[in-house]
Amino acid sequence: MNNRCILQLALLLCFSTTALSLSYNLLRLQQLNSSEECQKLLKQLNGRLADCLSDGMDFKIPKEIKHPQQFQKEHAAFVIYEMLKDIFHVFKKGYSNPDWNNTIVTDLLHELHQQMDLLNTTVVEKLREENKRQAYSIIILRLKSYYVRILTYLEAKEYSSCAWTVVRDELYWNFSFINRLTDKFQN
């Protein structure tokens, strides 16, 4: 009887590990496609950075995001979720560049929202349950400060076209960092 229970438990563990692995592989592909779509949409928004060089700003993205070697799958997914949420917030603020096509901004917001929902249902809720995100709270706080600097910059520049162009370019590169984090999903 005990051997049967142990065998069932072992099979369940193997199956759940395989299912979670497949889930991460699928999540990785979906996230990479979503990042590519977001970058494509950002490129379609008007504004040339070369015309706004005097408005340039180093927002100082946290170094852990630039070099995510220490992240595990679950933690990388949580950080990606937080980044997408903050990028969404920057564009949802309602002060977007009047020279931009609202349809493109709406499509971008929709793409971000879809990916946040997917990450939330697959990984983030599980992390909250396990309280693993506490280990990454310092990184999350640094990320929050980074996005506050972006919003403060926009406000200080009175949401000018050049300020939005600088921010658009900065957020474009965020998706490159998100892709590096997404690579952590690979087995």
Would you say [X]'s side chain and [Y]'s backbone share a donor-acceptor pair under 3.5 angstrom?
| X | Y | result |
| --- | --- | --- |
| Arg168 | Asn46 | yes |
| Thr152 | Val148 | yes |
| Arg142 | Glu64 | no |
| Arg180 | Ile65 | no |

Just verifying a value: how many Å separate [X] [atom1] and [Y] [atom2], rounded to the nearest 0.5 Å?
| X | Y | atom1 | atom2 | result |
| --- | --- | --- | --- | --- |
| Gln30 | Leu32 | CD | CG | 10.5 Å |
| Thr103 | His110 | OG1 | NE2 | 13.5 Å |
| Glu111 | Leu41 | CD | CG | 7.0 Å |
| His113 | Asn120 | NE2 | CG | 9.5 Å |
| Ile104 | Leu109 | CD1 | CG | 12.0 Å |
| Arg48 | Leu53 | CZ | CG | 9.5 Å |

Answer yes or no: are there more than 12 heavy-atom neighbours, outside [X] itself, under 6.0 Å from its atom [atom1]?
| X | atom1 | result |
| --- | --- | --- |
| Lys144 | NZ | yes |
| Glu36 | CD | no |
| Gln114 | CD | yes |

*Taking the inter-plane angle between the rings of Tyr153 and Phe59 on a 0 to 90° scale, is it parallel (under 30°), tilted (30 to 60°) or perpendicular (over 60°)?*
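Ring orientation of Tyr153 relative to Phe59: perpendicular.
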Determine the minimum heavy-atom distance between [X] and [Y], stating which atoms define it.
| X | Y | value |
| --- | --- | --- |
| Trp100 | Trp164 | CH2-CE3, 3.4 Å |
| Ala76 | Leu181 | CB-O, 3.6 Å |
| Asp51 | Cys162 | O-SG, 3.9 Å |
| Leu45 | Phe91 | CD1-CE2, 4.4 Å |
| Gly47 | Thr165 | CA-OG1, 3.6 Å |
| Cys52 | Val166 | O-CG2, 4.2 Å |

*Between Gln31 and Gln115, is any side-chain donor less than 3.5 angstrom from a side-chain acceptor?*
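The answer is yes; a qualifying pair exists.
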*Decide side-chain contact (heavy atoms from CB on, under 4.5 Å) for Gln44 and Asn101; before the verdict, give the C-alpha distance in whole Å, the side-chain angles of both, and the deciding distance to 0.1 Å.*
CA-CA 9 Å; Gln44 292 175 20; Asn101 180 327; over 6 Å; no
With a 4.5 Å limit on heavy-atom distance, are the side chains of [X] and [Y] in contact?
| X | Y | result |
| --- | --- | --- |
| Glu37 | Lys40 | yes |
| Phe177 | Val79 | no |
| Tyr146 | Glu170 | yes |
| Asp86 | Asn174 | no |
| Ser176 | Gln39 | yes |
| Leu143 | Tyr147 | yes |
| Leu171 | Met83 | no |
| Phe175 | Leu84 | yes |

*Are Leu119 and Leu29 co-members of a hydrophobic cluster defined by side-chain heavy atoms under 4.5 Å apart?*
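No, it is not one cluster - the side chains of Leu29 and Leu119 are not joined through contacts under 4.5 Å.
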_Hydrophobic clusters here meaning ILVMFWY residues chained together by side-chain heavy-atom distances under 4.5 Å, can you tell me if Val90 and Tyr172 are in one?_
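Result: yes, single cluster for both.
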*asked:* Quick check on side-chain contact (heavy atoms from CB on, under 4.5 Å): which of Thr182, Asn33, Asn179 does Arg28 satisfy it with?
replied: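 Going through Thr182, Asn33, Asn179 one by one, the side-chain contact (heavy atoms from CB on, under 4.5 Å) with Arg28 is satisfied by Thr182 alone.
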